[in-house]
Amino acid sequence: MIERPEYLEQLIRLKDNDMIKVITGVRRSGKSVLLMLYRDYLLAQGIIDENIIYYNFESLEVLNVRDADQLRDLLMSKLKKGVHQYVMLDEIQMVAEWQQIVNAIRVSYDCDIVITGSNAKMLSGELATLLSGRYVEIRIYPFSFKEYLAAIGVDKDSKQVPKAFDNFERFGGFPAVVLSGQTIKDTMLQGISDSIILNDVATRANIRDVETLKALISFLTDNIGQLVNLTKIANTLKSEGINTNVHTLENYLTALENAFLFYRVRQYNIRGRAYLKTSGKYFIVDPGLRRIGISRRPGNFAGQLENIVYIELLRRGYAVDVGKIDQQEIDFVARKSEDLRYIQVTYELPQNTHEIDNLLKITDNYKKTLITQQYYPDIKMIDGVEVVNVIDWLLEDERY
């Protein structure tokens, strides 16, 4: 198993408190492996195996456990009074009304509870009501570029790093894809994409018109980094012979976001300090899935780069918006606690000063960064704006 210390350390810091740890993220991003790493840590700390209760509800062993009563009976055979135990429930959303049972365990037994799921709706509705203030979410993503290098055994100072980045852009960071042979990476990515679309989006959201759903995904992946709105999407799909409407697309987009496949980024008026009710941008969770979504066509390198930067900002714990100042766009306004920074992303430095000028319109003193894909070793700063190559930025020693 590939070590993922940033995520494991979060679980360890939260060990043995009464908060339920909820690990969420897109399918095949490594949630189950993280649970196994936590289990190994507990065993190394002297916790005996019989006090660690683990079930994966996609496994054959518990495939028949699909409602609250069955879940209660399963767990009651393992739980003990007067003993501190560790309960790990993987892909718990497969069980109907699981929230009541998990809350009852928390109330009735001395347990450290960790659950995982591949749908954001598990953190809404009944769970939020029953466990208000009593759970903490740990969002997990496919490998970062730093983790990708560690997985393939390339040192960050190696001359192989640029070629590794090219592969990362093409095939992304899903652990199983990273560790597979070069000739089957696309096949594996297609399988992951199909599984997410059919199981985590269409089936869970009861979407029967899969053709329209796939057309929507194709549109979004083809327009990564572009401001879009529902009316524009509906009109584009209608021009391609797909009869749909804004209401349907809104439901489909919600399902895509709930499955952690796409993220919507709202526009923020920097001068007015308010969100705009107009267009937003959509980014996909992994660059490999973007490439599959556009049928492996090359192009839109700037959008691909924006996508990689956006997901990395989420990994580092930032809340991210698209900025607008006057009529100019700031690619990202990133916030984390007291930290605020403005980021422009460009494939290469343009002949004009457009990218820098947009940032310089912002008159506050928060950090401003221009991230480029082309490497400019002699340019570190322009008019107070930091200029950094994307590889250097991705490999910064910044804690998540």
Side-chain angles (χ1 to χ4, degrees), residues 2-14 21-26 29-31 33-34 37 120 123 136-151 156 161 164-165 168-169 172-175 178 224-225 257 260-266 268 281-290 303-323 330-346 359 362 364 366-373 385-400:
I2 301 295
E3 297 291 328
R4 306 195 76 178
E6 289 84 4
Y7 296 116
L8 182 58
E9 285 171 13
Q10 291 182 61
L11 279 177
I12 292 171
R13 284 197 302 269
L14 294 166
K21 278 68 74 175
V22 185
I23 302 170
T24 61
V26 69
S29 58
K31 300 184 296 297
V33 170
L34 180 58
L37 290 171
L123 292 178
V136 58
E137 181 187 11
I138 298 173
R139 181 73 59 84
I140 192 168
Y141 301 90
F143 284 159
S144 67
F145 184 57
K146 191 181 294 185
E147 290 176 309
Y148 175 86
L149 291 181
K156 66 183 181 67
V161 168
F165 182 74
F168 180 73
E169 276 195 302
F174 278 101
V178 173
I224 290 291
E257 292 180 69
F260 305 108
L261 182 58
F262 281 92
Y263 294 83
R264 181 176 185 267
V265 188
R266 295 188 295 171
Y268 179 77
K281 292 186 178 184
Y282 286 88
F283 294 99
I284 196 165
V285 70
D286 181 77
L289 288 185
R290 174 191 171 271
Q304 173 75 298
L305 187 63
E306 272 192 57
N307 203 118
I308 289 172
V309 170
Y310 171 74
I311 296 297
E312 179 65 18
L313 286 169
L314 294 188
R315 280 195 191 94
R316 296 181 182 186
Y318 286 94
V320 186
D321 301 309
V322 174
I330 305 299
D331 288 331
F332 299 121
V333 180
R335 300 177 178 86
K336 180 170 61 174
S337 300
E338 301 302 315
D339 182 9
L340 171 65
R341 56 185 64 191
Y342 305 101
I343 296 172
Q344 274 311 75
V345 181
T346 182
L359 289 169
I362 306 168
D364 63 38
Y366 289 107
K367 186 174 182 179
K368 302 173 181 68
T369 302
L370 179 63
I371 298 175
T372 69
Q373 184 149 341
V385 175
E386 175 192 36
V387 179
V388 59
N389 173 260
V390 65
I391 293 176
D392 293 338
W393 182 77
L394 290 170
L395 297 179
E396 284 178 352
D397 187 19
E398 179 167 346
R399 300 299 290 173
Y400 289 16

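Residue indices begin at 1 and follow the sequence shown.
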Audit row: Y7, Y141, ring pair (Phe, Tyr, Trp, His ring centres under 6.0 Å) steps and yes/no: CA-CA 10 Å; Y7 296 116; Y141 301 90; 7.3 Å; no
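- Put simply, the side chain of I343 does not reach to within 4.5 Å of the side chain of V333, judged on heavy atoms.
- For the pair R341 and W393, the NZ or CZ position fails the cation-pi test of under 6.0 Å to the six-membered ring centre and within 45 degrees of the ring normal.
- Between V33 and P175 the shortest side-chain heavy-atom distance does not fall below 4.5 Å.
- Note: I391 CD1 to I371 CD1 = 12.5 Å, rounded to the nearest 0.5 Å.
- Side-chain atoms of E169 do not come within 3.5 Å of backbone N or O of P287 as any donor-acceptor pair.
- Looking only at atom types and distance, the side chain of T24 has a donor-acceptor partner in the side chain of R139 under 3.5 Å away.
- Residues V385 and T369 are not in side-chain contact: their nearest non-hydrogen atoms beyond the backbone lie 4.5 Å or more apart.
- Aromatic pair F145/F165: ring centres closer than 6.0 Å.
- A salt bridge links E306 with K281: the closest approach of a Lys/Arg side-chain nitrogen to an acidic carboxylate oxygen falls below 4.0 angstrom.
- Going from atom NZ of K156 over to atom CG of L395 covers 7.0 Å, rounded to the nearest 0.5 Å.
- Residues L394 and K146 have side chains not in contact (no heavy-atom distance under 4.5 Å, counting atoms from C-beta outward).
- Looking at L370 and V388, their side chains never come closer than 4.5 Å, going by heavy atoms from C-beta outward.
- I138 places none of its side-chain heavy atoms less than 4.5 Å from the side chain of V22.
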Derivation of the side-chain contact (heavy atoms from CB on, under 4.5 Å) call for F260 and V285: CA-CA 7 Å; F260 305 108; V285 70; 5.5 Å; no
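- R264 has no carboxylate O lying under 4.0 Å from a charged side-chain N of E257, or vice versa, which leaves the two without a salt bridge.
- Scanning all heavy atoms of the two residues, the minimum distance from S29 to P142 falls at CB-N, 3.9 Å.
- The shortest distance between side-chain heavy atoms of I284 and L261 falls below 4.5 Å.
- Ring centroid separation for the pair F168 and Y148 comes in under the 6.0 Å cut-off.
- For the pair E338 and Y366, the tightest heavy-atom approach, listed with the atom from each and the gap, is O-CE2, 4.2 Å.
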Intermediate values then yes/no, side chain to side chain donor-acceptor pair (under 3.5 Å), D331 and Y342: CA-CA 8 Å; D331 288 331; Y342 305 101; over 6 Å; no
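- Rounding to the nearest 0.5 angstrom, the gap separating the CD1 atom in I2 from the CG atom in L34 is 13.5 Å.
- Atom-to-atom distance recorded for I23:CD1 and I140:CD1 is 6.5 Å, nearest 0.5 angstrom.
- Between A151 and V178, the shortest heavy-atom contact is CB-CG1, 4.0 Å.
- The existence of a salt bridge linking K367 and D339 is excluded, since no basic side-chain nitrogen approaches an acidic carboxylate oxygen closer than 4.0 Å.
- A cation-pi arrangement, defined by a distance under 6.0 Å to the six-membered ring centre and an angle within 45 degrees of its axis, is present between K336 and Y318.
- Summarising the geometry of L149 relative to A164, their closest heavy-atom pair is CD2-CB, 3.6 Å, with the distance given to 0.1 Å.
- Between V390 and Q373, the shortest heavy-atom distance links the atoms CG1-CA, 4.0 Å.
- Between atom CG of residue L359 and atom CD of residue E386 there is a gap of 11.0 Å, rounded to the nearest 0.5 Å.
- Using a cutoff of 4.0 Å between basic side-chain nitrogens and carboxylate oxygens, E396 and R316 are scored as salt-bridged.
- Looking at E3 and L37, their side chains come closer than 4.5 Å, going by heavy atoms from C-beta outward.
- Under the 30°/60° scheme for interplanar angles, the aromatic rings of Y310 and F283 are found to lie parallel.
- Of the possible donor and acceptor atoms, one in the side chain of E147 sits under 3.5 Å from a partner among the backbone N and O of S144.
- In this structure, the separation between CD1 on I308 and CG on L313 is 12.0 Å, given to the nearest 0.5 Å.
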